[in-house]
Every structure is written in C-alpha cells, then in structure tokens.
Amino acid sequence: MNSQAINHFLRQKNVSPEVRSLLYHIARSVKYINFSLRAGNTGISGTQNFSGESQLKLDVLADQIISHELENSDLVSILASEEKDMLEEFPSSRAKFVVAYDPLDGSSLVDANLAIGSIFGIWSGEKLEGKKGTDMEAAAYAVYGPRVTLTVALRDRGVHEFELNDVGEFLLTRENIRIEKKSKYFAPGNLRACEVLPAYKKLVDTWVAEKRTLRYSGGMVPDLHHMLSKGQGIFCYPGCAKHPDGKLRLAFECAPFAFLFTEAGGLALDQKGTNILKLPIKEPHQRTTIFIGSEDEVKHAVNFLKK
Ligand code: AHM
Ligand code: MG
C-alpha cells in the first residue's frame, strides 16, 4: 500500500498552496476533534443550535476547534457552520475562501458509540450566497469510527482517502475512489416520508424483494462512506410532512457530498430531479431532499418517485 502523507500527496497533485493549507488546517481540526471524542465528553451543553436542536458539549467544542483552526489559516473570508446561525466574517484574511462545515454530523449517535463525522465544503470567493456545489474547489469529510479517516475530493483531481495513524499523520489509504453506476446496497433515510409518498415505500419494498443489502446507520457520513468504500450504493433522504425539503442542509451536508460523489463518478439529485451541484445557496441553513450514489440507481429512484 502506498503510504504517502496527505501534504506530500496534495503537492504531487499540484493542488494550489492555499487549498493545501486549508486542507492542512481541516486535517488538524479532525485530529483535535478525535482527541476530544476519545476523552468521552459526551454530555449535553444546555444550548440549542440554529435549527432548535439541543447541542452536545462535543458539538460546541468541534465547532470551536474548526472555527479557530480555519481563522488561523488566514485564508478564509467567510465561515458557515451548521451549529451557528450567523456567518463568521474575516475581512482581513490574505486569501479569500468560503468554507461551510458541519462540525459533528450525526451527533445524536454519540451516546450509542456509533460512527459520526465532520463535513467541509470549500469555495473561493467572499460570499456564500449564490454559490453552488459545482463552483467548489474541494470538499472533505472525516469519519470518527474504529479508525479515523479523512476523504478529500479535489476539483478534477479525484477523491482520495487518508487514515490517521498513531503519530498523528494522515496517510493515503485509497487513491482515485470510483463509484459504479449500479448498486446492490441501499440506505433509505427518512422512511417517515412513506406516509406522504407511497411510491417511496414501493421503491424500498422493491429493493427488499430484489434481495439487495440494507446498509443504514443513521449517520450520513458513515452511510455515504460505506458507499464510497464499496464503490456502490444509494442513499435517500426525501421530504416528509414535517420536513417537505427533507432535513439535510445544502451548504453543510448535501453540496459537499454531491461534489465528492460526482468527482468519484456518482450522482446527487434532489427529489425533483435537479442536480444538487446546480442548486444555488440562498441562505446557509437551507435544506434539500437528496438521492445520492450510483448514477443509475439515483436516476431510477427519482423517476420512480415521480410516478
Ligand atoms: P445532524 O446534522 O443534526 O446530526 O443531522 C443529520 C443526520 C444525518 O447524519 C442522518 O442521515 C440524518 O440526520 C438522519 O436523520 P433522522 O434519523 O432524523 O431521519
Ligand atoms: Mg449534520
């Protein structure tokens, strides 16, 4: 196995020094968040985030770690966090990038000791509003599981996975990850939507009847990482009565993953069939439905729900 360190690998891929530096600071945040998780600080903070969800101490801490690291990079003009209602602005930064991040996705799984993650999207510019996934320079996510991995998608330079070793380095474990057009795995999020969307129930029933394999943990990051690891899969999060646009956020979750999967040869559509990469961000906490993964499965699922 090639065991190149992340910085060396990115230099060889001719990634710009600014994007390299941002990814270096992201990798450092992931290390610190991992240390905090292992310290077992899993209690409730007593505060709520913008969406009214109660925050864990770890949600708050992970947000602070990332915000602090990215401010110190001196490369970010706007930071948008799923845990904050307001954008953070750094007008004096020497280069202008916008980073949107979900510091600890799936934090309701922390007490059950299931895998969770952090998600990052990187754009050049000084405004988040109007940006689309298609304009991204890079996207990344970390999985905090039995092992800690950081997967990075670089515009036109592929998707690559790195693993944290015992001395705190991220070493290359998978280069040029690809996702096939067809899949035997399915991850059907928000089954509550079956109530208003009987076609969703029929779709899931079809997958069961076809003896496909269910892989769903309730954490978007490990669920999507499973698909990239196996090179196939489909994850769905349609709208329901409570959340007609689904629950997942465009800027913090869906656009970064749409960029990652598209770079790997996959596809991400919303329930209407619009490519997630083409949806403009109108406000940071905007939600979108999502069908993401193997291209043929994603197209089939969205067309099936239109019937
Ligand atoms: P969070 O950002 O508040 O942690 O919520 C996102 C998570 C995803 O990881 C997961 O796919 C989804 O919520 C599951 O939601 P639910 O079980 O409420 O349908
Ligand atoms: Mg989240």
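These numbers were taken from a predicted model, which means no experiment stands behind them. Note that ligands are numbered from 1 as they come in the structure, with each ligand's atoms numbered from 1 the same way.
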Engineer: Suppose I only count heavy atoms of Leu248 and a 4.0 Å limit; which atoms of ligand 1 are within that range?
Structural biologist: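 Ligand 1 atoms under the 4.0 Å threshold to Leu248: 6 (C), 8 (C).
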Engineer: Around atom 4 (O) of ligand 1, find the nearest protein heavy atom and jot down its residue, atom name and distance.
Structural biologist: Gly106 N, 2.7 Å
Engineer: Quick one: angle Glu253 OE2 - the Mg ion (ligand 2) - Asp105 OD1, to the nearest 10°?
Structural biologist: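 With the Mg ion (ligand 2) as the vertex, OE2 (Glu253) and OD1 (Asp105) sit 90° apart.
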Engineer: Tell me yes or no: between the side chains of Tyr144 and Ser118, is some donor less than 3.5 Å from an acceptor?
Structural biologist: yes
Engineer: So, of the N/O/S atoms that Asp102 has, which is the nearest one to the Mg ion (ligand 2)?
Structural biologist: OD2
Engineer: Please report the interatomic distance CZ(Phe162) to CG(Asn7), rounded to the nearest 0.5 Å.
Structural biologist: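 These two atoms lie 9.5 Å from each other.
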Engineer: Which residue supplies the protein heavy atom nearest to atom 10 (C) of ligand 1, what is that atom called, and how far is it?
Structural biologist: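 Protein heavy atom at minimum distance: Gly218 O, 3.3 Å.
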Engineer: Give the atoms of ligand 1, by number and element, whose distance to some non-hydrogen atom of Phe235 is under 4.0 Å.
Structural biologist: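 Under 4.0 Å from Phe235, ligand 1 has these atoms: 11 (O).
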Engineer: Can a side-chain donor-acceptor contact be found between Asp102 and Tyr141 if the only test is distance below 3.5 angstrom?
Structural biologist: no
Engineer: For the Mg ion (ligand 2), find the closest N/O/S atom on Glu82 and give its atom name.
Structural biologist: OE1
Engineer: Around atom NZ of Lys278, are there more than 12 heavy atoms from other residues, nucleotides or ligands closer than 6.0 Å?
Structural biologist: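 Open.
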Engineer: Of all the non-hydrogen atoms in the protein, which one sits nearest to atom 6 (C) of ligand 1, and at what distance?
Structural biologist: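 Closest protein heavy atom to atom 6 (C) of ligand 1: Asp105 OD1, 3.3 Å.
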Engineer: Pairs of nitrogen or oxygen atoms closer than 3.5 Å, one from Met220 and one from ligand 1: do any exist?
Structural biologist: yes
Engineer: Under a 3.5 Å cutoff, is there a donor and acceptor pairing between the side chains of Glu82 and His285?
Structural biologist: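 No donor-acceptor contact under 3.5 Å links the two side chains.
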Engineer: In the protein, which heavy atom is nearest to atom 13 (O) of ligand 1, and how far is it?
Structural biologist: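 Answer, as residue, atom name and distance: Lys247 NZ, 2.9 Å.
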Engineer: Please list the nearest protein heavy atom to atom 17 (O) of ligand 1 with its residue and the distance rounded to 0.1 Å.
Structural biologist: Arg192 NH2, 4.2 Å
Engineer: What's the shortest distance from atom 3 (O) of ligand 1 to any protein heavy atom, and which residue and atom give it?
Structural biologist: Glu53 OE1, 3.6 Å
Engineer: Counting only heavy atoms, which portion of Asp102 has something under 4.0 Å from ligand 1: side chain, backbone, both, or neither?
Structural biologist: side chain
Engineer: Would you mind running through ligand 1 and noting each atom that sits below 4.0 Å from a heavy atom of Glu253?
Structural biologist: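 The list of qualifying atoms is 2 (O), 6 (C).
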Engineer: Answer yes or no: is there a side-chain heavy-atom contact under 4.5 Å between Ile26 and Ile122?
Structural biologist: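 Result yes, sub-4.5 Å side-chain heavy-atom pair found.
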Engineer: Whether the Glu137 and Ser124 side chains hold a donor-acceptor pair (N or O, under 3.5 Å, no angle test) is what I'd like checked.
Structural biologist: yes
Engineer: So how far is it from Ser3 OG to Glu169 CD, rounded to the nearest 0.5 Å?
Structural biologist: 9.0 Å
Engineer: Tell me whether the rings of Tyr200 and Phe291 are parallel (<30°), tilted (30 to 60°) or perpendicular (>60°).
Structural biologist: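 Rings of Tyr200 and Phe291: perpendicular, as their planes differ by over 60°.
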Engineer: State whether a side-chain donor-acceptor pair under 3.5 Å links Asp245 with Thr288.
Structural biologist: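 On atom types as modelled, these side chains do not qualify, holding no pair under 3.5 Å.
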Engineer: Under 3.5 Å between any N/O of Glu82 and any N/O of ligand 1: does that happen in this structure?
Structural biologist: yes
Engineer: Heavy-atom contacts under 4.0 Å between Phe252 and ligand 1: side chain, backbone, both, or neither?
Structural biologist: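 No part of Phe252 is near ligand 1 at this cut-off.
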Engineer: Can you list the ligand 1 atoms lying under 4.0 Å from a non-hydrogen atom of Ser107?
Structural biologist: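 Within the 4.0 Å cut-off of Ser107, ligand 1 contributes 4 (O).
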Engineer: Should you measure from each heavy atom of Gly219, which atoms of ligand 1 turn up under 4.0 Å away?
Structural biologist: 9 (O)
Engineer: For the residue pair Tyr185 and His226, categorise the inter-ring angle as parallel (less than 30°), tilted (30 to 60°) or perpendicular (more than 60°).
Structural biologist: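 Perpendicular: the ring planes of Tyr185 and His226 meet at over 60°.
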